[in-house]
Structures are given as C-alpha cells and as structure tokens.
Amino acid sequence: QVQLVESGGGLVQTGGSLTLSCAASGRNSTNFAMGWFRQAPGKEREFVAGISRTGGTTGYTDSVKGRFTISRDNAKNTVYLQMNSLKTEDTAVYYCASHPYTKIIVTASECNQWGQGTQVTVSS
C-alpha cells in the first residue's frame with residue numbers, strides 16, 4: 001500500500017507561484033501513475049494534472065495548461081506540481097493520488113490512494 005503526503009500549499013497573490021510536493025512511501029511506491037486533483041468549496045474534486053510511472057507522459061486539464069507543470073523524481077519518491085500565474089479560481093485543496101492505469105487523465109473514482117490534501121489560496 002502506498003502512503004502519500006502533500007506539502008507546499010499556502011497563500012499567494014494573483015500571478016504568483018507555488019510548488020506542491022507529494023511524497024510517496026510504501027511498497028512499490030514508484031510503480032504507479034500519479035495525479036493531482038483539487039477541490040474547491042461546494043465543488044466536486046477535479047483532475048488537474050497527471051504523470052506516468054516514468055514521468056515521460058503528462059496531461060493537464062485545459063484550465064491549467066501552460067501554467068502548471070507536473071513532474072516526478074522517482075529516486076526521491078516525490079511528485080511535484082509547479083503552479084505559475086496563479087488565479088483566484090485556482091483556490092482549492094490540492095490532493096495527490098495514485099492509480100493503477102497507464103492512462104494519464106483519470107477520474108477521482110479511478111484513484112486508489114490519496115494524500116490528506118494541502119490548501120492553496122490565491123488572493124486578488
């Protein structure tokens with residue numbers, strides 16, 4: 001079983017940047033594709049970005065393309081989400097998750113392990 005712990009959230013002004021980290025531990029923790037999701041108050045959890053096991057393939061939801069970058073360092077068992085040009089609508093709790101599929105873009109229900117989440121707040 002994989003355990004996931006997110007960090008790096010915080011308060012930032014519009015146009016600012018943050019980098020989120022997701023540290024994975026447990027057996028075979030690097031053998032899974034990973035994704036970042038977010039959930040704003042009153043909204044469903046939505047897919048933000050995904051990355052393959054090797055890091056060679058990535059995918060993004062349209063609203064973050066060109067602003068967010070997902071990456072992973074399997075030697076450190078860590079997945080990152082670099083967020084630039086942040087907007088107020090990016091405010092949410094951000095979660096990392098793992099899943100057993102080879103596809104990159106997945107739904108929340110397809111993920112089997114979740115972190116506890118980290119709050120990102122973008123102020124105007």
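Just so you know, these numbers come straight off a predicted model, no measurement behind them. For this chain, numbers begin at 1 and follow the sequence in order.
- Residue Gln116 places its CD atom among more than 12 non-hydrogen atoms of other residues, nucleotides or ligands, all under 6.0 Å distant.
- Pairing each heavy atom of Ile70 with each of Gly50, the nearest pair is CG2-O, 3.5 Å.
- Residues Cys111 and Phe37 are in side-chain contact: their nearest non-hydrogen atoms beyond the backbone lie under 4.5 Å apart.
- A donor-acceptor pair is defined here as one N or O able to donate and one able to accept, closer than 3.5 Å; no such pair exists between the side chain of Arg45 and the backbone of Ser109.
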| said: Test side-chain contact (heavy atoms from CB on, under 4.5 Å) on Leu4 and Tyr95; report intermediate values, then the result. | reply: CA-CA 9 Å; Leu4 304 172; Tyr95 300 88; over 6 Å; no
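- In Glu89, the CD atom is crowded: over 12 heavy atoms of neighbouring residues, nucleotides or ligands sit closer than 6.0 Å.
- Summarising the geometry of Ser124 relative to Thr14, their closest heavy-atom pair is CA-OG1, 3.4 Å, with the distance given to 0.1 Å.
- Under the 4.5 Å side-chain criterion, counting only non-hydrogen atoms from C-beta, Tyr60 is not in contact with Arg67.
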| Test side-chain contact (heavy atoms from CB on, under 4.5 Å) applied to Arg38 and Val64, step by step | CA-CA 12 Å; Arg38 65 187 179 187; Val64 308; 4.0 Å; yes
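- Between Glu110 and Pro100, the closest heavy-atom pair is O-CD, 4.0 Å.
- Evaluated for a side-chain contact (heavy atoms from CB on, under 4.5 Å) with Leu18, the options Val12, Leu11, Thr118 yield exactly one hit, Val12.
- Aromatic ring orientation, Tyr94 versus Phe68: tilted (interplanar angle from 30° to 60°).
- Remark: Lys87 does not engage Asp90 in a salt bridge, criterion side-chain N to carboxylate O under 4.0 Å.
- The nearest pair of heavy atoms linking Ile51 to Arg72 is CD1-N, 3.7 Å.
- Considering every non-hydrogen atom in both Trp114 and Ala108, the closest pair reads CZ2-O, 3.4 Å.
- Applying the 6.0 Å contact sphere to NZ of Lys103 captures more than 12 heavy atoms from other residues, nucleotides or ligands.
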